[in-house]
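Below is one structure; the comments refer to it alone.
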Amino acid sequence: MGKQSDALFQRAQDVIPGGVNSPVRAFGGVGGTPPFIELAQGSRIFDADNLQYIDCVGSWGPMILGHGHRYVVEAVKKAATRGFSYGAPTAAEIELAEMIVQAVPSMEMVRLVNSGTEATMSALRLARAATGRNKILKFEGGYHGHVDSLLVKAGSGGATFNVPDSAGVPKELAELTLIARYNDLDDVRAQMSDEVAAIIVEPIAGNMGCIPPNPGFLQGLREICDDHASLLILDEVMTGFRVAYGGAQARYDVRPDITTLGKIIGGGMPIGAYGASKLLMEYVSPLGPMYQAGTLSGNPVAVAAGRATLSVLRNSSIYDDLEERSAEFENGVRAASEKHAVPLTFNRVGSMWTIFFTEGPVTDFASANKSNREKFSRFFHLMLGEGVYLPPSQLEAAFFSAAHAKKDILQLVERVDRVLKKVAWEFGT
Ligand SMILES: *Cc1c(COP(=O)(O)O)cnc(C)c1O
């Protein structure tokens, strides 16, 4: 990395654990120093050494419009001049809630929180409150934020650093979390019982790399939940407004009981949301007995960024454009992989994707985990050297935004081609 980033990383490690405020950013999965970012615009980010990268991380999902979208920036500026936070209700919150409810019909009511973690934590509490049951079922490699009960066999940073079961989670709590294999309905059936309050699932896994649901998997979960009078929680923090305006539930036509959102609905500002039918949401305080609150919840600046982002996405051709460009990239990568005889698996749904360094198929955590990390790290660093910023872990999804123009995709394919050639040469084929 550049001199400035190196110096900043040294300094950061003195006062911030690992030098970062979220683990995967520290590059532990690939080695080396992370670039410290100073500026982002459109599809590009710029670091402290003034190096420029095509950004394929997009702040891990929120930046679907690209960085610094004019309309969003204006909305945020305007909101900021009216005060940062009131701790009192606003009209703008209703409008964001109405937009969400219109986009996602299974959410008749929605509560705004400050992060995806808060959303899934609250969704679990709601499921437990409504069913009077304590157990939950999640999937190996599924990540739902750093909620105690959900840090069991978790994806994202835990998987990257080989500690999917966090220290500090009481054993008594972890025991309430059942684990099944993603895309394996037989395994789910074997684990399920009438003590399970809810199944929580990423409808498209994104935190063990991108893994689409097998045909019928989500519908199968719906049926299994119905058979046991358990609730189905779709964690759409990543997929909501990403793979369709109505999220993965619209794309795959499955109706969950509870949905969690985050990332895109804040347009890059901190936010999260959970929602369900009115019947379920009436358990939530002050209507009902389930307590949940937040000093900064519904923050006016975050809500302004979210509203502006959703209103650009609504009725736009952005999803079609994203599909077209992402497919073009996928085709380019596949061609380069064949040309240089570097076996890989390209998983993609719309604009979320992962290049796994394994022959695949990659359908669950075990098959994702077969990827060659050494090759991935080398690929990652060569791409970084080419001015491409990828997620610094094999087990994370990458994203394109509306700001990734055709010419960005062409540049990316050229660079992948050059890099895979080197990888083939270095590793042999
Ligand atoms: C990012 C993510 C979360 C956590 O959201 P934070 O805002 O990081 O707390 C939860 N679930 C999924 C599926 C995510 O991708």
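Numbering of ligands and ligand atoms starts at 1, following listing order. In this text the structure is predicted, and so the values were computed from the model without any measurement.
With ring centers used as reference points, Phe329 lies under 6.0 Å from Trp353.
One distance of note links CG of Leu313 with CD1 of Ile264; it measures 6.5 Å at 0.5 Å rounding.
Taking the six-membered ring for Trp and thresholds of 30 and 60 degrees, Phe376 and Phe379 have ring planes inclined between 30 and 60 degrees apart.
For Ser371, the side chain to side chain contact (heavy atoms under 4.5 Å, CB included) test picks out Phe356, Thr358, Arg373, Gln394, with sequence neighbours left out. In terms of the side chain to side chain contact (heavy atoms under 4.5 Å, CB included) criterion, residue partners of Asn21 (sequence neighbours excluded) are, by chain and number, Ile16, Arg25.
The immediate protein surroundings of ligand 1, defined as residues with any heavy atom under 4.0 Å of it, consist of Ser115, Gly116, Thr117, Tyr143, His144, Gly145, Glu202, Asn207, Asp235, Val237, Met238, Lys263.
For residues 172-181, the pairs satisfying side chain to side chain donor-acceptor pair (under 3.5 Å) are Arg181-Asp184, with sequence neighbours left out.
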